[in-house]
Amino acid sequence: MFKSEKRRVEKILRNFLEQKEIPVPESFQWKPIPFSGEWGMSVSFFKAAAQEARSGKQVNVPERAGEIARMAADLISGEDEFSRVEAVQGYLNLYFAPDQFSRKVVDSVLAEGADFGSGEPKGERLMVEFSQPNTHKAFHVGHLRSAILGDAVCRILEFAGYDVVRANYYGDIGLHVIQWLWNYMKFHRGEEPPQDTTRWMGDLYAEAVKRLEENPEYEQEVRDLYARWDERDPEVVALWKKTREWSLKGFENLYQILDIEFDRYYANSMVEEQGKEMVQELIEKGIAEDLRPEDAVLVRLDDLLGLENEKYRVLVVLRSDGTALYQTLDLALAKLKFEEYDLDTSIYVVDVRQKLHFQQVWKTLEIAGYDWAKDCEHLSYELVNLPGNVVMASREGTVVLLEDLIREARARALEVVEEKNPSLASDEKEKVAKAVGLGAIKYPMLDRDNTRIVTFDWDTALDFNGQAAPYIQYAHVRANSILEKMEGPVPEALTPDYTLNPAEIELIERISRIPDEIQNAARDRKPLHLTNALYDLARSFNAFYRECPVLSAEDPVKSFRLRLVAAAKQTIANGLTSLGIGAPSVM
RNA sequence: GCCCCCGUAGCUCAAAUGGAUAGAGCACCGGACUUCUAAUCCGACGGUUGCAGGUUCGAAUCCUGCCGGGGGUACCA
């Protein structure tokens, strides 16, 4: 927003600085003016002054910056697009005429509608791999962060102008699957999953683990079953496929409830063979050492790179018995992704514990000559723990099941709707409860930095007050409510001919910042930037709501405010949508 | 040992990427529903940004060293 104004002023400043033989910065960093209650933009001259000082001139930097700012201010004062120009403490502050500025913001939101905040197409294709659930296991709250963060990042990237491929990568092979199958064949043969499929799959897995712990003599049976699987025994393979489908259907159901979609599903089993082939290739190229049968196949990364200190260490790419490891699969999957799609960047939303793993895999691929390896990016995030720093683990039984959390959140939200808005039709209440309950679940995973641990506790998860999604949703509802009561359509565009209330100025400013924050969030892969901006916007709307009557105002004021309310509602809705959170019209 | 995160108000977190006066929520205290939805708002309280140096005109932010917490570190995923 205001790119043309910025460019014009920059041109003037550049000429002025050159003329005065003051160092010209490479780029001007425009910032909003704090504490103003008036809209504008500012730029500082500390860098120019500091550069002068460094080049030998006898200058006091803050004083000199102030001097330059004052000279610049005198120069710009002639420009009529600014209502006020001032130099304060080394900053050049340019204020926009509030009436022109506010009209421009409101008009562009209403003209662009659901596209307001979106970026120009970038012509770049990114793949985001997120949510890597294991079949035959539970889906718990610990798994939620990758799913929610990944989904939000995809939505933000798309809105920002990137071409995004959403990839899911599920684990459908491994010891846990064999253990599950063993338990099923021995104790549950013929059973069909109940409604709550994912819970049942998880329960059977936990049961298998428990049985094996209590009766070590069963280990042999599991080993035998693993052998049958390795030989692709038709009965075992058929059962594996059938039961895997149960898990996948259960996951699909959860994704649907969470409103998360994927374009491409990858599975461990799909890349096992290619992975082994790539290991063979690495051996032939002399990158990997084949020490079988005594030892595994490994890549000594630090040695290959001639590093003194331990950095990449040693990557085992194949077990000594020739079976594949996680890293074997990831070598092949990375390649498959670039082959299938012509990617500019391949992003992995995976928890921080796997940082070294990815560095190793990608460095190995780079050494092997795959130049796209440098375009792989690990979007790492911290875990979701339970109070007392307890990690959620299926084996330990220290989990909060996703189904339970969703059900509780929706039930709690429904209670509140019943209380606040008893006259709503019951299906409306259900819809509201879903949007509010899910929003409350998603928000804590998005409003803090990815590098921070989230501690899950029921009280916080089910608290709908304060800094949380329902707060933002509520602002949307209030805006909608005013528009509902408005007679006729949204008024035609107009320039406000009255002195705007500070609350209106603030609200307009918050709206105008959203497009930049979308870009920031996309660039850093941090939904946090957007949640912050949206929360501030909602807060400004509530202040406006209190300070500025809309429906009872006289007409020129009323018309402009109605347009402002419509713009605020649209912007909040666009922001929530980019986070994967619903924007209900009533609650 | 080596590597990666985290440390900001009693608690949970921000801080526009090195800039003007470090901000919110929760909790606690005091107020506001006959008025566009009180899931809201207003006020009060609350800070040596873990510690010590350094770089800089300017540091919560960058560098070094400590302290405290978490995680990773060759055939788990």
Side-chain angles (χ1 to χ4, degrees), chain A residues 29 31-35 42 44 46-47 49-50 53 59-65 88-91 93 132 134 171 174-176 268 291-292 295-300 309-321 323 325-327 329 351-357 359-360 380 382-383 385 389 391 413 416-417 419-421 436 444 447-449 451-455 459-460 463-468 470-471 473-475 477-486 513 516-517 520 524 528-529 531-533 535-536 539 542-543 545-553 561 565 586-587:
Chain A
Q29 295 221 329
K31 301 183 175 250
I33 305 167
F35 332 114
S42 73
S44 74
F46 293 103
K47 286 206 167 59
V59 295
N60 172 305
V61 171
E63 270 176 28
R64 178 61 176 160
V88 181
Q89 298 186 57
Y91 283 79
N93 292 340
Q132 298 86 352
N134 284 322
L175 181 61
H176 77 276
N268 290 162
L291 304 175
R292 288 176 294 177
D295 210 338
V297 180
L298 45 85
V299 180
R300 299 181 196 276
N309 296 334
E310 293 179 48
K311 182 167 184 194
Y312 295 102
R313 299 167 189 259
V314 174
L315 178 66
V316 176
V317 289
L318 204 61
R319 287 199 187 87
S320 47
D321 65 3
T323 56
L325 287 139
Y326 189 53
Q327 30 270 42
L329 310 180
D351 78 66
V352 66
R353 292 176 301 188
Q354 287 168 49
K355 199 173 208 80
L356 178 61
H357 161 78
Q359 284 178 345
Q360 291 176 321
S380 74
E382 264 293 357
L383 303 181
N385 285 348
N389 200 28
V391 179
V416 183
V417 185
E419 178 197 325
K420 305 277 179 189
N421 217 335
V436 172
D447 86 323
R448 69 191 60 207
D449 220 329
T451 54
R452 291 194 103 95
I453 296 170
V454 172
T455 302
D459 286 346
T460 313
D463 184 1
F464 298 157
N465 295 316
Q467 209 167 22
Y471 179 91
Q473 291 170 320
Y474 186 63
V477 165
R478 281 178 142 183
N480 183 64
S481 179
I482 292 174
L483 297 173
E484 292 278 312
K485 291 192 166 64
M486 159 184 74
R513 286 193 199 175
D516 281 347
E517 294 300 344
N520 289 343
D524 295 345
L528 161 73
H529 292 318
T531 54
N532 278 345
Y535 177 75
D536 287 340
R539 220 151 48 89
N542 279 326
Y545 186 90
R546 169 174 47 85
E547 296 289 334
C548 306
V550 178
L551 295 173
S552 61
R561 285 186 178 164
V565 170
V586 290
M587 58 191 274

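Reminder, nothing fancy here: chain letters follow the sequence lines and each chain counts from 1. What you see is a predicted model, and the numbers here were worked out from it, not measured in a lab.
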For the student: nearest non-hydrogen atoms of A/V316 and A/Q327, plus distance: O-CG, 2.9 Å
- prompt: Ignoring hydrogens and angles, are the base of B/C75 and the side chain of A/S320 linked by a donor-acceptor pair under 3.5 Å?
  reply: yes
- request: Just call it for A/V317: base, sugar-phosphate, or nothing, with non-hydrogen atoms closer than 4.0 Å on any strand.
  value: nothing
query: Could you state the interatomic distance from CD (A/E517) to NE2 (A/H529), rounded to the nearest 0.5 Å?
result: 7.0 Å
- line: Ranking B/C36, B/U21, B/U40 by distance to the side chain of A/N465, first place goes to B/U40
statement: With the side chain defined as heavy atoms from C-beta on, A/P470 is closest, among B/A14, B/U21, B/A39, to B/A39
query: To the nearest 0.5 Å, what is the distance between CZ (A/R300) and CZ (A/R313)?
result: 14.5 Å
message: Given the structure, check if the side chain of A/D536 and the base of B/A16 hold any donor-acceptor pair shorter than 3.5 Å.
response: no
field: Base B/C2 to side chain A/R313, donor-acceptor N/O within 3.5 Å cut-off
entry: yes
- prompt: NA contact type, A/V297, heavy-atom cut-off 4.0 Å: base, sugar-phosphate, or nothing?
  reply: nothing
message: Show me the dot-bracket string of RNA chain B, counting Watson-Crick or G-U pairs under 3.5 Å, with | for pairs to another strand and [ ] for crossing ones.
response: (((((((..((((.....[...))))..((((.......))))......(((((..]....))))))))))))....
- line: What one should report as the nearest heavy-atom pair of A/P470 and A/F464 is CB-O, 3.6 Å
query: Between the side chains of A/Y471 and A/N542, is a donor N or O closer than 3.5 angstrom to an acceptor N or O?
result: yes
task: Quick one: closest heavy-atom pair of A/N389 and A/N385, and the distance?
output: OD1-ND2, 2.6 Å
query: Does A/S44 make a side-chain donor-acceptor contact with the base of B/A20, cut-off 3.5 Å?
result: no
- prompt: What distance do A/S320 atom OG and A/R292 atom CZ have between them, rounded to the nearest 0.5 Å?
  reply: 9.0 Å
message: Can you tell me whether the side chain of A/D295 and the base of B/C75 have a donor-acceptor pair closer than 3.5 Å?
response: yes
message: Need one value for A/V299: base, sugar-phosphate or nothing, where a base atom within 4.0 Å counts as base even if backbone is also close, heavy atoms only.
response: nothing
task: Kindly point out which of B/C76, B/A14, B/C42 is positioned nearest to the side chain of A/N532?
output: B/A14
query: With sugar-phosphate meaning primed atoms plus P, OP1 and OP2, does A/H529 contact a base, only sugar-phosphate, or nothing at under 4.0 Å between heavy atoms?
result: base
message: Using atom P in both nucleotides, what's the gap between B/C51 and B/G43 to the nearest angstrom?
response: 31 Å
- prompt: So what does A/L325 hit on the nucleic acid, given a heavy-atom distance under 4.0 Å: a base, only sugar-phosphate, or nothing?
  reply: sugar-phosphate
task: Could you work out which one of B/A77, B/G7, B/C36 sits closest to the side chain of A/Q354?
output: B/A77
task: May I have the distance from A/D463 (atom CG) to B/C11 (atom C1'), rounded to whole angstrom?
output: 13 Å
- prompt: How would you list, by chain and number, every residue that makes a side-chain hydrogen bond (donor to acceptor under 3.5 Å, both in side chains) with A/E547, sequence neighbours excluded?
  reply: none
statement: Considering only heavy side-chain atoms of A/E310, the closest of B/C41, B/A24, B/C2 is B/C2
message: Looking at A/R478, I'd like to know whether one of its side-chain N or O atoms comes within less than 4.0 Å of OP1 or OP2 on B/C41.
response: no
- request: Output the single nucleotide from B/U73, B/A39, B/C42 whose closest atom is nearest the side chain of A/K420.
  value: B/A39
statement: When A/S42 and A/V314 are each assigned the nearest nucleotide of RNA chain B, the 5'-most assignment goes to A/S42
- prompt: What does A/Y471 touch in the nucleic acid at a heavy-atom separation under 4.0 angstrom: a base, only the sugar-phosphate, or nothing?
  reply: sugar-phosphate
- request: Determine the interatomic distance between P on B/G70 and the same-named atom on B/C57; round to the nearest Å.
  value: 40 Å
- request: Produce a footprint string for nucleotides 59-71 of chain B: one letter per nucleotide, 5' end first; B if the base is under 4.0 Å from any protein heavy atom, S if only the sugar-phosphate is, - if neither.
  value: -----------SS
query: Base, sugar-phosphate alone, or nothing: which one does A/L483 contact when heavy atoms must sit under 4.0 Å apart?
result: nothing
message: How close do A/D351 and A/S380 get, counting heavy atoms only, and between which atoms?
response: C-CB, 4.5 Å
